[in-house]
Structure formats: C-alpha cells, structure tokens
Amino acid sequence: MLDVIEALLRRPNFVAFVTLFLWGLYITVVHHNLVKKLIGLYLVQTSVIFFLVTTSVKSGATVPIVDLAAGTAPEVYMNPLPHALTLTAIVVQVATLGVSLALVAAIYRRFGSLDENEILKRLE
Amino acid sequence: MSYSFELPLLILLILTAGGAIVVKDLISSVLILGSYSFFLALVWAWLGAVDVAFVEAVVGAGLATVFFLLTLFRMAPEHILIQRSPPPISAVIALPLLGLLLLYAASDLPAFGDPQSPASSHISPYYLENSLRETQTPNVVTAVLMDYRALDTMLETGVIFTSGMACWLLLGRKHS
C-alpha cells in the first residue's frame, strides 16, 4: 500500500490524468444534457492525450528541434513520436466534435430540447 | 523538472475541468472549457511538446470553443440552463473502483522522465539521430508528420473533409 502511494506521489501527472479521465467519463455516462455529455467526452479525449504526452518526457531533455550545436544524441531531446501522433489525434478529435455538435443541433431542431429524457418522451 | 510551477498548473487544470462540469449554464461551462484548453496548452509547453501546445491553443481552445458557442447561440435560453438529476448508484460505485484500479497500476508505469522508458528506447532514437540528415528539417515532429508519415497526414485531411461534408449534410437541409 505504501509503495503504491509513493509511486503516485512521484507521478502527479498520472493522478491528474486519472482524475480528468474519470470525471469526463462520469459526466458522459450520467448527465442527461447532450452538450454536457460532449464536454465530458472532450475531457476524456484530452486527458488521454495528456497521458500520451507525459510518456514522451525525458528528464534533462529539451524540445525535439535539432540544434546542431547540441548534437543529435537521443538523450538531449524529448521523444518526438507521441507528439506527432497526438497532433493527429487532436485534429481528429475536433473534427468529430464538430460532427457531433451538428448532430446535436439537428436533434434540437427536430425535438426542441437538449435533454435526453425529453427527447425520448417526444420520440414515443 | 522542478515541482514549483508544475503542481499549480495541474491543480488549475483540474479546477477548470471541474468548473466546466459543475456550472449549470452551458455557455459559461463552454467558456471555462476553453480556459481549460489553454491551461492544457501551458502544461504541454512545460512537458516539452511545443507543437502539441500550439495545436491545442489554436484548435482545441479556439476552434472547439467556437463550435460549441455556434451550436449554443442557436438555442433558446431556457434550454441552455440544465437541471441536474440524482446520479445512478451503479455509476457512483463503478467509476471510483475503476479509478482505484488505474491508480493501483501506477507503480508498474516507467518513472516520470525516465530516458530509458520503453516508449523512448525502441524506435524514437532513430528519428532523433537521422531525421535532420534524411529530411533536412530541424523540427523532428514536423519531419515525422510531413515526411515519414506524409501519407497518413494526407489521409487525415480526408477525415476533416468527411466531417465537413457530414456537418453540411446535417445542417444544410431545409427544415420542413
């Protein structure tokens, strides 16, 4: 038990990731409002990207832009691969957010409400 | 890697995320989410991911907030205020258990900032050592995105185009 707590204290980023991830997931599952669900989904996505970027950190390293004076040794720079992959993930995340907001707007135009229960009532 | 401004940033991040969730007015909630995105960009700049920080500040904080606001501005004010209902007991029990499971797994992760961690030791040294010689681009992230994975980035524009088409088809239709 103590070693788990010590491991957590040395990884504050992981604790922040777990908090944000669970909070977003909770809102996505529990809330009845569709826009609030999307806010929860956005939190889940950004928290996972946060976790991936955290894995790229090397202590004592600098940003992955090669400086000829510093050489090209891998210890000098952060790991560039998580950065490149999460860049794609952020752009795709916003694209899917746009589509889901368009869906929400279409639902609102048809049913006049953002509340899940009311929409279900009007569907019947 | 000092802890002096790391912890305040993380606390601000969690506070703004909580604010976006707790606030009842959806427009305020979305604006707080925008500030959350800016704090996230700061955190990423601190973690050395400058390219990701730029993209988050422009696309995450800017474009996503504009999308949310454009959707909300079309709606009647009484629908933008939300009522809360008591949460189901299964979610209240299951999610903290999932959180404890995730936190328990923390001791198996590589240490924060470990240069020999699995993510940093297999293929990424190749890009750092050879990308300047092979692509003549000092920024390794740009070299990976635009040279080594150029096809992937091109198909990503296909994803953006598809989502734009989907939005147009959903919103462009005349309301009968």
Side-chain angles (χ1 to χ4, degrees), chain A residues 3-4 7-8 10-14 16 18-20 22-23 25-27 29-30 32-33 35-36 39 43 46 53-59 63-66 72 74-75 77-81 83-84 86-88 90-92 94-99 101-106 108-109 113-114, chain B residues 1 7 10 13-14 17 20-21 26 29 33 40 44 47-52 55-56 59-60 63-64 67-68 71 74-75 79 82 85 87 91 95 98-99 102-104 106-107 109 112-113 115 119-120 124-125 127-129 132 138-141 144-145 156 159-160 163 166-167 170-171 175:
Chain A
D3 53 332
V4 172
L8 286 179
R10 280 195 275 121
R11 295 174 181 81
N13 284 12
F14 186 72
V18 171
T19 317
L20 293 173
L22 285 177
W23 219 340
L25 195 66
Y26 175 78
I27 289 304
V29 171
V30 162
H32 292 300
N33 189 290
V35 176
K36 210 73 169 177
I39 291 176
L43 288 180
T46 47
V53 171
T54 303
T55 63
S56 77
V57 177
K58 300 176 192 170
S59 47
V63 294
I65 296 172
V66 176
T72 57
E75 316 83 71
Y77 306 104
M78 306 274 184
N79 183 356
L81 288 187
H83 302 182
T86 50
L87 276 183
T88 312
I90 292 175
V91 176
V92 171
V94 172
T96 51
L97 181 76
V99 174
L101 279 171
L103 273 173
V104 168
Y108 181 79
R109 220 157 51 172
S113 172
L114 284 177
Chain B
M1 281 315 126
L7 281 181
L10 289 181
L13 201 64
I14 292 175
I21 287 167
L26 280 179
S29 167
L33 196 71
L40 209 57
W44 282 335
L47 289 176
V50 276
D51 306 79
V52 188
V55 170
E56 176 67 29
V59 176
L63 202 59
F67 280 172
F68 270 117
T71 314
R74 295 171 161 206
M75 295 171 179
H79 293 131
I82 53 174
S85 49
L95 285 173
L98 180 64
L102 281 171
L103 291 177
Y104 180 68
S107 50
L109 283 171
F112 177 66
S120 308
S124 81
Y127 292 106
L128 288 171
E129 281 163 354
L132 185 64
N139 190 335
V140 187
V141 178
V144 172
L145 269 180
E156 189 194 330
V159 173
I160 311 286
S163 72
C167 287
L170 278 168
L171 297 176
H175 184 51

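Given the structure is predicted, the values throughout are model-derived calculations rather than measurements.
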>> Ignoring hydrogens, what is the shortest heavy-atom contact between Leu171(B) and Ala105(A)? Give both atom names and the distance.
In response: CD2-CB, 3.8 Å
> Heavy-atom distance under 4.5 Å to chain B: side chain of His83(A), backbone, both or neither?
Replying inline: both
> Side chain, backbone, both or neither: which part of Thr46(A) has an atom under 4.5 Å from a heavy atom of chain B?
Replying inline: both
>> I need the residue from Val50(B), Val55(B), Leu13(B) with the largest number of non-hydrogen atom pairs under 4.5 Å to chain A.
In response: Val55(B)
>> For Gly48(B) versus Pro64(A), what's the shortest heavy-atom pair and its separation?
In response: O-CD, 3.6 Å
>> Taking side chain as everything from C-beta outward and backbone as N, CA, C, O, which of these in Tyr104(B) sits under 4.5 Å from a heavy atom of chain A? Side chain, backbone, both or neither.
In response: both
>> What's the separation between atom CG in Leu47(B) and atom OG1 in Thr55(A), rounded to the nearest 0.5 Å?
In response: 10.0 Å
>> So for Thr88(A), is it side chain, backbone, both, or neither that comes closer than 4.5 Å to the heavy atoms of chain B?
In response: both
> For Tyr77(A), which residues count as a ring pair (Phe, Tyr, Trp, His ring centres under 6.0 Å) partner, sequence neighbours excluded?
Replying inline: none
> For the residue pair Leu20(A) and Ala17(B), what are the closest heavy atoms and their distance?
Replying inline: CD2-CB, 3.4 Å
> Between CG of Leu87(A) and CG of Leu145(B), what distance do you get to the nearest 0.5 Å?
Replying inline: 5.5 Å
> What are the two closest heavy atoms between Met75(B) and Val104(A), and how far apart are they?
Replying inline: CE-CG1, 4.3 Å
> How long is the gap from CG on Asn13(A) to CG on Leu10(B), to the nearest 0.5 Å?
Replying inline: 5.5 Å
> Of all heavy-atom pairs between Cys167(B) and Ala102(A), which one has the smallest distance, and what is that distance?
Replying inline: SG-CB, 3.9 Å
>> If the test is side-chain contact (heavy atoms from CB on, under 4.5 Å), which one of Val94(A), Val99(A), Val92(A) qualifies with Ser163(B)?
In response: Val99(A)
> Non-hydrogen atoms of chain A under 4.5 Å away: do they reach the side chain of Thr71(B), the backbone, both or neither?
Replying inline: side chain
> Can you tell which of Thr96(A), Val29(A), Leu103(A) has the highest number of heavy-atom pairs within less than 4.5 Å of chain B?
Replying inline: Leu103(A)
> Non-hydrogen atoms of chain A under 4.5 Å away: do they reach the side chain of Glu156(B), the backbone, both or neither?
Replying inline: side chain
> From Ile14(B) CD1 over to Thr19(A) OG1, what is the distance, rounded to the nearest 0.5 angstrom?
Replying inline: 4.0 Å
>> With heavy-atom distances below 4.5 Å as the criterion, would you say the side chains of Leu97(A) and Phe68(B) are in contact?
In response: yes
>> Using heavy-atom distances under 4.5 Å, tell me whether Phe14(A) contacts chain B through its side chain, its backbone, both, or neither.
In response: side chain
> Top residue by heavy-atom pair count (under 4.5 Å) with chain A, among Leu40(B), Leu33(B), Val144(B)?
Replying inline: Leu33(B)
>> Tell me the closest heavy-atom pair linking Lys36(A) and Ser29(B), and the distance in Å.
In response: NZ-OG, 3.4 Å
> Is any side-chain heavy atom of Asp51(B) closer than 4.5 Å to a side-chain heavy atom of Val63(A)?
Replying inline: no
> Do the non-hydrogen side-chain atoms of Leu95(B) and Val30(A) ever get within less than 4.5 Å of each other?
Replying inline: no
> In terms of heavy-atom proximity below 4.5 Å to chain A, should Leu102(B) be classed as side chain, backbone, both, or neither?
Replying inline: both
> What residue in Val35(A), Leu101(A), Val18(A) has the most heavy-atom pairs under 4.5 Å with chain B?
Replying inline: Leu101(A)
> Quick one: side-chain hydrogen bond (donor to acceptor under 3.5 Å, both in side chains) partners of Tyr108(A), sequence neighbours excluded?
Replying inline: His79(B)
> Which of the residues Leu132(B), Leu103(B), Ile160(B), Leu98(B) is involved in the greatest number of heavy-atom pairs with chain A at under 4.5 angstrom?
Replying inline: Leu103(B)
>> Tell me if a side-chain donor or acceptor on Asn79(A) pairs with a main-chain N or O of Ser124(B) at a distance below 3.5 Å.
In response: no
> Tell me, side chain or backbone of Leu43(A) under 4.5 Å from chain B's heavy atoms, or both, or neither?
Replying inline: both
> Tell me, do Leu128(B) and Pro80(A) make a side-chain contact under 4.5 Å, heavy atoms counted?
Replying inline: yes
